[in-house]
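What follows is a set of notes on a single structure, which appears directly below.
Sequential numbering from 1 along the given sequence is applied to the chain's residues. Note that the structure is a prediction, hence the values are computed from the model and not measured.
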Amino acid sequence: MRLRPAVVEALASLGIAAAADESPEQLRERLNERYLEEVRALKQRQQAGEIPLRDYARHVQSLKDRFTLLGLPLASWLEGPARDR
């Protein structure tokens, strides 16, 4: 089972190196944990006054746009015959 190169690149851009022995499920879990860390940090910044409340939704959308892999089915992360299983 091989990840699509675009998925590997997207994970790397978010600071997640895909190890050869990790399953897509494990990688998704790591990605989700990273996303939750970012959401919490963003909320803390808003509460600390760094981000005005009127701009908060824009920042949240930007964060969602960076983590689009979370919205894709795991099968689309894979290339080749394993993808069709």
* Is the shortest side-chain N to carboxylate O distance from Glu79 to Arg4 below 4.0 Å? -> no
* Asked: From Trp77 CH2 over to Leu69 CG, what is the distance, rounded to the nearest 0.5 angstrom?
  -> 5.0 Å
* Asked: Are any non-hydrogen side-chain atoms of Val7 and Leu78 less than 4.5 angstrom apart?
  -> no
* Asked: To the nearest 0.5 Å, what is the distance between CG (Leu31) and CG (Leu14)?
  -> 6.0 Å
* Sort and list the pairs that fulfil salt bridge (Lys or Arg N to Asp or Glu O under 4.0 Å) and have at least one residue in residues 59-70, not counting sequence neighbours. => Glu38-Arg66
* Short side-chain to backbone donor-acceptor contact, Gln61 and Arg58, under 3.5 Å -> no
* What is the minimum heavy-atom distance between Gln26 and Asp21, and which atoms define it? -> OE1-O, 3.8 Å
* Please list all pairs passing the side chain to side chain donor-acceptor pair (under 3.5 Å) test where one or both residues lie in residues 27-36, with sequence neighbours left out. => Glu22-Arg30
* Non-neighbouring partners of Ser62 that pass side chain to side chain contact (heavy atoms under 4.5 Å, CB included), sequence neighbours left out -> none
* Asked: For Tyr56, what residues pass the ring pair (Phe, Tyr, Trp, His ring centres under 6.0 Å) criterion, not counting sequence neighbours?
  -> none
Atom pairs and distances, side-chain donor-acceptor, residues 40-49, under 3.5 Å, sequence neighbours left out:
from  : atom 1 : to    : atom 2 : distance (Å)
Arg45 : NE     : Glu50 : OE1    : 3.2

* Structure fact -> Across all chains, not counting sequence neighbours, the side chain to side chain contact (heavy atoms under 4.5 Å, CB included) partners of Pro52 are Arg54, Asp55
* Check step by step if side-chain contact (heavy atoms from CB on, under 4.5 Å) holds for Leu3 and Leu27. => CA-CA 10 Å; Leu3 293 174; Leu27 289 167; 3.4 Å; yes
